[in-house]
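Order of the sequence lines fixes the chain letters, A, B, ..., with proteins taken first and strands second; residue numbering starts at 1 for each chain.
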Protein chains: 2
Amino acid sequence: MSDLVTRLRRHQWRMTPQRRVIAETLEGAHVHYTAEEILDRACERMPEISRATVYNTLNEMVALGEVVELNFDGRSKRYDPNVDHDHHHLICDGCGVTKDVHTVADPLEWLPGDERHGFTVTEASITFRGLCPECAPAR
Amino acid sequence: MSDLVTRLRRHQWRMTPQRRVIAETLEGAHVHYTAEEILDRACERMPEISRATVYNTLNEMVALGEVVELNFDGRSKRYDPNVDHDHHHLICDGCGVTKDVHTVADPLEWLPGDERHGFTVTEASITFRGLCPECAPAR
DNA sequence: TCTTTCCTTAGACAGAGTCTAAGCTAGGAT
DNA sequence: ATCCTAGCTTAGACTCTGTCTAAGGAAAGA
Ligand SMILES: [Mn+2]
Ligand SMILES: [Mn+2]
Ligand SMILES: [Zn+2]
Ligand SMILES: [Zn+2]
């Protein structure tokens with residue numbers, strides 16, 4: 001079944017029908033959905049599911065560390081169930097399509113000690129931008 | 001005077017009193033303000049300035065390429081007049097303080113060709129996260 | 001079964017940002 | 001100097017995204 005559902009069951013967390021539908025919707029398509037997109041798709045399987053439950057559930061999954069919240073554009077947040085393989089994102093400035101990408105090394109290594117301002121630095125995420133093949137200007 | 005104002009004058013762009021106050025407010029403190037923070041500070045010098053003008057002006061500066069819009073938290077956007085020196089950001093997960101940082105090399109070099117999905121990749125921005133000295137757990 | 005806790009729901013609410021319609025200003029033309 | 005016009009500013013309505021509240025509903029232990 002859903003690997004996300006499996007991971008969620010390991011926490012002391014009641015797996016209700018609503019939460020299962022949300023988890024399966026989130027993981028099913030390998031894209032980065034907004035909360036409203038998840039609500040629309042979850043409604044196809046469970047028409048009475050509420051907006052509040054979708055938002056609550058996504059926030060809980062994030063708090064449990066099983067989903068990552070992404071903020072690309074300052075509009076809607078997007079939710080990424082793919083937390084096991086750490087990765088970064090490549091976004092098309094034309095159409096907005098977003099791909100998972102992997103760098104040759106851990107970006108934390110690229111921040112020298114004298115640029116750390118005394119911080120304990122634990123995470124680095126990269127947003128690459130450009131134009132996808134469809135949006136690139138015709139040659 | 002303000003280097004941002006100088007850069008803006010090079011575009012065919014009417015430099016009104018409102019726009020000058022906004023530009024000087026934005027560049028004056030070397031922090032990353034939200035639109036509302038800029039409005040508050042601009043009001044100290046020009047009490048009748050409107051919210052709409054602040055938002056319009058910031059969006060125009062971004063369109064002119066003289067200011068960069070940042071989206072760290074999915075709440076308010078922040079505006080960065082420091083576009084000349086390209087740099088990245090280090091954020092404290094505790095208190096939210098944000099520092100400009102510089103990496104040892106251009107992050108674009110770390111995305112291999114077979115991870116580019118046919119895109120023309122033009123930009124990479126890194127968000128580093130951690131805890132600042134004040135927020136770090138006591139030793 | 002009873003009880004307690006947690007979950008779901010509709011709808012009100014809030015924050016951030018955009019849009020509209022009206023009046024105003026800057027700066028070129030005369 | 002004055003006129004004209006395009007572009008700028010304004011208040012406030014509106015939209016979008018997300019949170020909160022209060023009430024009822026399901027689950028699991030006693
Ligand atoms: Mn991803
Ligand atoms: Mn900066
Ligand atoms: Zn595209
Ligand atoms: Zn801190």
Exercise. With a cut-off of 6.0 Å (strictly less than), are more than 12 heavy atoms of other residues, nucleotides or ligands near CZ of B:Arg45?
Worked result: yes

Seminar exercise, completed: Comparing nearest nucleotides in DNA chain C, the 5'-proximal residue of the pair B:Arg78, A:Asn56 is A:Asn56

Seminar exercise, completed: Between B:Leu4 and B:Glu27, the two heavy atoms sitting closest are N-OE2, 2.8 Å

For this session: Go through B:Lys99 and A:Glu115 one step at a time and tell me if the salt bridge (Lys or Arg N to Asp or Glu O under 4.0 Å) criterion holds.
Result: CA-CA 9 Å; B:Lys99 301 285 188 183; A:Glu115 286 283 332; over 6 Å; no

For this session: Name the residue closer to the 5' end of DNA chain C, choosing between A:Arg75 and A:Val54 according to the nucleotide with the nearest heavy atom.
Result: A:Val54

Exercise. Would you say C:dC6 has OP1 or OP2 under 4.0 Å from some side-chain N or O of A:Gln12?
Worked result: no

Exercise. Tell me: CD of A:Glu37 to C1' of D:dT17, nearest whole Å?
Worked result: 13 Å

For this session: In whole angstrom, give the distance that lies between atom CG of B:Asp73 and atom P of C:dA16.
Result: 9 Å

For this session: Report which part of the nucleic acid B:Thr16 touches: base, sugar-phosphate, or nothing (heavy-atom distance under 4.0 Å, all strands).
Result: sugar-phosphate

For this session: Let me know the distance between CD of B:Glu60 and P of C:dT18, rounded to the nearest Å.
Result: 12 Å

Exercise. Counting side-chain heavy atoms from C-beta on, which of C:dA26, C:dT9, D:dT19 comes nearest to A:Arg51?
Worked result: D:dT19

Could you list the donor-acceptor pairs under 3.5 angstrom formed between side-chain atoms of residues 124-137 of chain B and any protein atom two or more places apart in sequence or on another chain?
{"residue": "B:Arg129", "atom": "NH1", "partner": "B:Asp93", "partner atom": "OD1", "Å": "3.1"}
{"residue": "B:Arg129", "atom": "NH2", "partner": "B:Phe72", "partner atom": "O", "Å": "3.4"}

For this session: With heavy atoms under 4.0 Å as the rule, sort B:Ser76 into base, sugar-phosphate or nothing.
Result: sugar-phosphate

Exercise. If we ignore angles and hydrogens, is there a donor and acceptor under 3.5 Å between the side chains of A:Tyr79 and A:Glu37?
Worked result: no

Problem set entry | Considering all heavy atoms, the nearest A:Val67-A:Pro81 contact | CG2-CA, 4.2 Å

Seminar exercise, completed: Scanning both residues in full, the closest heavy-atom pair of B:Asn82 with B:His87 reads O-CE1, 3.2 Å

Exercise. Of the nucleotides C:dT18, C:dG11, D:dT17, which has the atom closest to the B:Asn59 side chain?
Worked result: C:dT18

For this session: Return the 5'-most residue of the pair B:Gly74, B:Arg19 with respect to DNA chain D, ranking by each residue's nearest nucleotide.
Result: B:Arg19

Exercise. So what does B:Glu48 touch, heavy atoms closer than 4.0 Å: a base, only the sugar-phosphate, or nothing?
Worked result: sugar-phosphate

Exercise. Can you tell which of C:dT8, D:dT10, D:dT9 lies closest to the side chain of B:Ala52?
Worked result: D:dT10

Exercise. Roughly, in whole Å, what's the span from CH2 in A:Trp13 to C1' in C:dC6?
Worked result: 13 Å

For this session: Indicate whether the side chain of A:Asp100 and that of A:His32 have a donor and an acceptor atom separated by less than 3.5 Å.
Result: yes

Exercise. When you measure from the side chain of B:Lys77, which nucleotide among C:dG17, C:dT8, D:dA11 comes out closest?
Worked result: C:dG17

What are the atom names and distances for every N/O pair under 3.5 Å that joins the protein to nucleotides 27-30 of chain C?
none

For this session: Ignoring the backbone of B:Tyr55, work out which of C:dT8, D:dT10, C:dT18 is nearest its side chain.
Result: C:dT18

Exercise. Whole Å only: how far is the CG atom of B:Asn71 from the P atom of D:dG18?
Worked result: 12 Å

For this session: For A:Met61 and C:dC7, give me the distance from atom CE to atom P, rounded to whole Å.
Result: 12 Å

Problem set entry | Length of the CD1-C1' vector between B:Ile49 and C:dC24, whole Å | 15 Å

For this session: Taking only the side-chain nitrogens and oxygens of A:Thr53, find out if one of them lies under 4.0 Å from OP1 or OP2 of C:dT9.
Result: yes

Exercise. Which nucleotide in the set D:dT9, C:dG11, C:dG17 lies at the smallest distance from any side-chain heavy atom of B:Ala35?
Worked result: C:dG17

Exercise. How many Å lie between CG on B:Leu39 and C1' on D:dG12, as a whole number?
Worked result: 15 Å

